[in-house]
Chemist: 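Before I ask anything, here is the structure I am working with.
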Amino acid sequence: MTDINEFKKYAYQFIDWIADYYKNIESYPVKSQSVPGEIYSKLPESPPESGESIEKIFNDFQQLILPGITHWQSPGFHAYFPANTSFPSILAEMLTAALGAQCMKWETSPAAAELEEKMMDWLKNMIGLPSGFSGVIQDSASTATLCAILTAREYISDFSVNTNGITHNKYRVFCSSEAHSSVEKAVKIAGLGKINLVKIDVDDKFSMKPDALEKAIIADNKNGFFPLCVVAALGTTGSTAIDPLKEIGSICRKYNTWLHVDAAYAGSALVLEKYRWMIKGIEMVDSFVFNPHKWMFTNFDCSAYFVKNKDVLVKTFQLVPEYLRTNTQGKKNDYSDWGVQLGRRFRALKLWFVLRNYGVTEIQQTLEKHIKLAKQFAGWISETEHFEILAPVSFNVICFRYLPKQKKSVEEINKFNEDLLFEINKTGKIYLSHTKLNGNYTIRMVTGQTNIEEHHVIRAWEIIKTTAQTLDKN
Ligand SMILES: *Cc1c(COP(=O)(O)O)cnc(C)c1O
């Protein structure tokens with residue numbers, strides 16, 4: 001298809017379909033009921049020799065692809081963390097796709113670079129980070145944490161690893177035993193070795209114990225190791241636990257260690273004044289990441305990465321071959337020097353649309369609503385026989401399990417809850433996921449989807465309660 005009128009015809013048709021999709025989203029099973037290999041086996045061996053009509057492809061999209069999609073934008077989606085979108089974000093993504101600009105350098109699209117700079121300033125102020133911090137959009141928190149560890153490696157080694165490679169395996173990285181797996185991935189990619197990732201014990205709220213961290217660093221120093229980086233979490237993935245930033249920050253300053261904060265999910269909550277206590281000690285932090293693509297209504301991918309010292313970041317990543325030389329070098333932000341990717345999508349546009357169309361107040365109100373729904377749900381769990389809350393509910397994630405009447409051993413209770421989750425998700429009406437806390441199989445309920453309302457949470461609770469009680473009779 002190259003004809004502009006034909007393009008227009010299908011574009012209108014797709015918009016109609018998208019609008020209907022959102023209108024009817026609750027009629028789809030939230031979690032795809034597809035079985036492994038089902039979609040693959042229905043796809044032809046090779047691409048067609050001559051082009052097919054958009055009509056035919058679109059029809060196959062509906063028949064073949066849609067049944068294999070899990071509907072993340074359904075208000076019945078309570079699994080993992082959300083990957084929220086919103087109408088202003090979708091509209092902006094359409095424009096981004098249409099422009100198809102590759103925004104690696106300031107010169108390759110000045111508006112993209114300058115809008116990104118401004119959006120990062122807006123976000124920085126919205127969540128209360130120090131004004132001296134600089135921000136850049138990364139594709140994901142995993143990439144941001146990798147950038148943090150690579151930058152720490154260069155900073156602590158005086159940029160010698162970039163030149164000479166690692167000449168010893170004595171660099172250590174610290175995080176809590178509840179930290180996200182992206183820390184371990186970053187340590188491996190950075191060439192530090194997984195054996196040099198030290199996992200620090202957590203307290204009964206699943207937060208890192210600062211005294212255990214200090215002990216580990218002292219022991220390492222005695223044994224000739226160098227503490228490279230500490231990754232503190234604000235909102236762990238399992239239970240949204242909050243590491244004590246101020247205490248951890250003081251330890252990092254004392255032992256000259258990079259401090260990276262992984263606030264991938266819960267960082268959004270900092271737009272609410274009442275959560276600002278979490279970043280007491282922020283002046284001791286070197287880098288910080290949170291994901292507007294999780295809980296700030298902005299399409300995946302959009303991860304906001306902030307650093308105290310942008311020069312160290314740029315010095316770690318910058319490479320300027322002749323074909324990328326420009327005469328604005330060093331005067332404007334060339335964001336390809338701020339991370340791993342050279343080519344970059346125009347991701348600031350959707351953020352601009354979201355922040356302007358919502359406005360700060362509506363973002364705050366929506367987060368407040370999600371948090372209130374979680375409190376309500378947690379209340380029902382606590383006051384209902386056999387149900388038990390397994391971690392503090394600090395935001396909008398509730399960790400719980402059901403204690404069946406006859407089954408008493410940990411294994412039996414775990415198996416029951418695994419079966420329970422399977423049965424709940426099989427209904428197709430809601431989708432929840434799980435984690436393990438202290439060896440206990442834990443069901444996680446998240447009330448953070450863009451369009452979630454009270455009646456969705458009431459319905460979810462009805463499904464969970466009846467499914468558990470029915471399963472307990474068998
Ligand atoms: C989701 C999450 C990540 C990973 O985020 P991506 O953007 O998917 O890489 C990292 N850390 C925490 C705490 C998370 O919740």
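Counting starts at 1 for both ligands and their atoms, in listed order.
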Chemist: Which pairs of N or O atoms, one from ligand 1 and one from the protein, are separated by less than 3.5 Å, and what is the distance for each pair?
Modeler:
from	atom 1	to	atom 2	distance (Å)
ligand 1	7 (O)	A141	N	2.8
ligand 1	7 (O)	N291	ND2	3.0
ligand 1	7 (O)	H293	NE2	3.3
ligand 1	9 (O)	A141	N	3.3
ligand 1	9 (O)	S142	N	2.9
ligand 1	9 (O)	S142	OG	2.6
ligand 1	11 (N)	D262	OD1	3.2
ligand 1	11 (N)	D262	OD2	2.6
ligand 1	15 (O)	T237	OG1	3.1
ligand 1	15 (O)	K294	NZ	2.9

Chemist: For W380 and F377, take the angle between the two ring planes, folded into 0 to 90°, and tell me which bin it lands in: parallel under 30, tilted 30 to 60, perpendicular over 60.
Modeler: perpendicular

Chemist: With sequence neighbours excluded, give me every side-chain hydrogen bond (donor to acceptor under 3.5 Å, both in side chains) pair touching residues 86-101.
Modeler: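 Output for this query lists S89-N299, E93-R345, E93-K350.
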
Chemist: Enumerate donor-acceptor pairs with a distance under 3.5 Å from any side-chain N or O in residues 359-367 to protein atoms, sequence neighbours excluded.
Modeler:
from	atom 1	to	atom 2	distance (Å)
Q364	NE2	V271	O	2.9
T366	OG1	E362	O	2.6

Chemist: Applying side-chain contact (heavy atoms from CB on, under 4.5 Å), name anything that partners E247, two or more places apart in sequence or on another chain.
Modeler: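 With sequence neighbours excluded, E247 shows a side-chain contact (heavy atoms from CB on, under 4.5 Å) to P210, P244, given in chain and number order.
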
Chemist: Flag this pair as yes if the NZ/CZ of R356 is under 6.0 angstrom from the six-membered ring centre of W352 and inside a 45 degree cone about the axis; otherwise no.
Modeler: yes

Chemist: Given the ring of F159, does R153 sit roughly above its face, with NZ or CZ under 6.0 Å from the centre of the six-membered ring and within 45° of the axis?
Modeler: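 No; the conditions do not both hold, so R153 does not lie above the ring face of F159.
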
